[in-house]
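See structure below.
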Amino acid sequence: MMKRGIAYPILLIFVAVIILWMFNFMGGMLSRGNREMNRGIEARPITIEQHR
Amino acid sequence: MIASMTDKEITKTGQKLVRVVRQNRKRLTIAQIARYVTQTVFFVYVSMISLTHMYGYTNGFGFPGNAAGPLDCYCPFGGVETLPTFIAGGGTNGIVGGANFNDLLLLGALLLITVIFAGGFCGYLCPFGTLTDWIYKIRRLIFRREIKLHPRISFYLSFIKYFVLVALVTQATYHGFLVFSEFDPYRAFFHFGRDWTPLMIYVMLGVLVVSLLFERGFCNYVCPLGAVVNIGSLATLTKIKRNESSCTSCGLCDDACPMNLDVSGKLPYYRCIMCGECVEACPQGDESLSVTFAGEVWK
């Protein structure tokens, strides 16, 4: 009787770690987002240019 | 085979099956351990990000480097809330206040993961889902009684999350900021008491009560990101497949399912979080229930 293999969790973890690594790679972008957030929530949409 | 058995033989076989399953369930399989470890790692990861952002590594919290963004940068639901505004802006401007372009990237990553791995995000990666899992498991250690709704009632209740999703996206688009962040239980919990408002505390208490009563109750009935994952899962390549010819309809998979799905009946694959508990519980092994990718069994 075969039970569930571990290919699914291993591949899922692999893909998730790559995505997280990509996001850490964009640390500078997150820091800029951080500064935006620290200014407080603005009650209007802002442009990507403003984000940058 | 069952048709040729007497009632007594069927009862005996059923009892034997239950014994075998209980004995097997005492030992965790590698797949279950992999899931629990992944859940814990992601829970710690998100906690560390939040602590780094709020207090900074220089104060002894979180990651070295002191450069973590706010928690909103790590939530794909921010991407869902800002998506209509972003599309209306022609894809060049229009991020609602409080959201971040990263949220849209994360939403894309989430949808990609969902198409490949179905509800694997909810079952393996979501730190808030992990928290509700832990709350329920601790409750079961104290009060062993399990409360299971009928799958049909559970099915109807699961529509609440779609209403929550539509309401939150509409409000975010109308007001131009992340309305949900005012009372988001995920955001509130991972702020660990900082800047909590009475509204946040009430919502968190509500989530706590639901999680204590029903396993994955918040994910199943309320979570708006769960609604997005469910919609994405309609196009998924990974599904739990039941082989009707070898299934004895013992119902052990139904009992094991944390999402209260009718696994032995009309399996609603799009609501599955891919925890694999039904497959582990099945006395027939993968002859009867298996995790498949485009029709092929995941090894």
Side-chain angles (χ1 to χ4, degrees), chain A, chain B residues 24 29-32 34-35 37-38 41-42 45 53 65 67-70 72-74 82 85-86 88-89 92-98 100-102 105-106 109 112-113 116-117 120-121 124-125 175-178 181 238 274 276 279-280 282-287 289-291 293 297-299:
Chain A
M1 185 178 72
M2 279 286 291
K3 276 289 179 186
R4 188 166 56 122
I6 58 163
Y8 177 87
I10 285 177
L11 270 172
L12 176 60
I13 293 162
F14 179 73
V15 172
V17 167
I18 286 190
I19 288 170
L20 282 180
W21 175 78
M22 281 163 56
F23 275 86
N24 272 341
F25 201 66
M26 293 188 285
M29 193 172 177
L30 291 177
S31 298
R32 281 193 289 279
N34 186 355
R35 284 200 293 278
E36 287 288 335
M37 288 299 294
N38 288 341
R39 272 187 232 137
I41 292 169
E42 297 174 12
R44 61 187 171 75
I46 55 171
T47 64
I48 289 180
E49 279 70 31
Q50 281 172 308
H51 259 283
R52 287 173 184 151
Chain B
N24 282 341
T29 61
I30 297 173
Q32 279 174 314
R35 177 167 169 256
V37 169
T38 315
V41 166
F42 271 78
Y45 180 80
H53 174 66
D72 307 77
C73 291
Y74 293 89
T82 204
T85 316
F86 186 72
T92 52
N93 61 7
I95 303 283
V96 295
N100 191 291
F101 188 66
N102 270 19
L105 296 178
L106 263 183
L112 184 69
I113 285 182
I116 302 171
F117 297 103
F121 170 80
Y124 282 75
L125 308 179
H175 293 292
F177 74 100
L178 296 182
S181 67
T238 298
M274 303 309 293
V279 184
E280 304 293 352
C282 181
Q284 308 288 330
D286 70 355
E287 284 168 29
L289 266 181
S290 51
V291 186
F293 180 79
V297 178
W298 280 94
K299 294 295 177 195

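Owing to the predicted nature of the structure, the values given are computational and were not obtained by experimental measurement. We name chains A, B, ... by the order of the sequence lines, and we start the count at 1 in each one.
Smallest separation of non-hydrogen atoms from B:G120 and A:Y8: CA-OH, 3.3 Å.
Residue B:I30 touches chain A through both its backbone and its side chain, counting heavy-atom pairs closer than 4.5 Å. For chain B, the nearby parts of A:L12 are the backbone and the side chain; heavy atoms of each come within less than 4.5 Å. Within the 4.5 angstrom heavy-atom criterion, only side-chain atoms of B:T38, from C-beta onward, approach chain A. At a 4.5 Å heavy-atom cutoff, the contact between A:L11 and chain B is made by backbone and side-chain atoms alike. With a 4.5 angstrom heavy-atom cutoff, B:T82 does not touch chain A via any of its atoms. Heavy-atom distances place no part of B:F293 under 4.5 Å from chain A, backbone and side chain included.
For the options A:V15, A:I10, A:V17, heavy-atom pairs under 4.5 Å to chain B are most numerous at A:V15.
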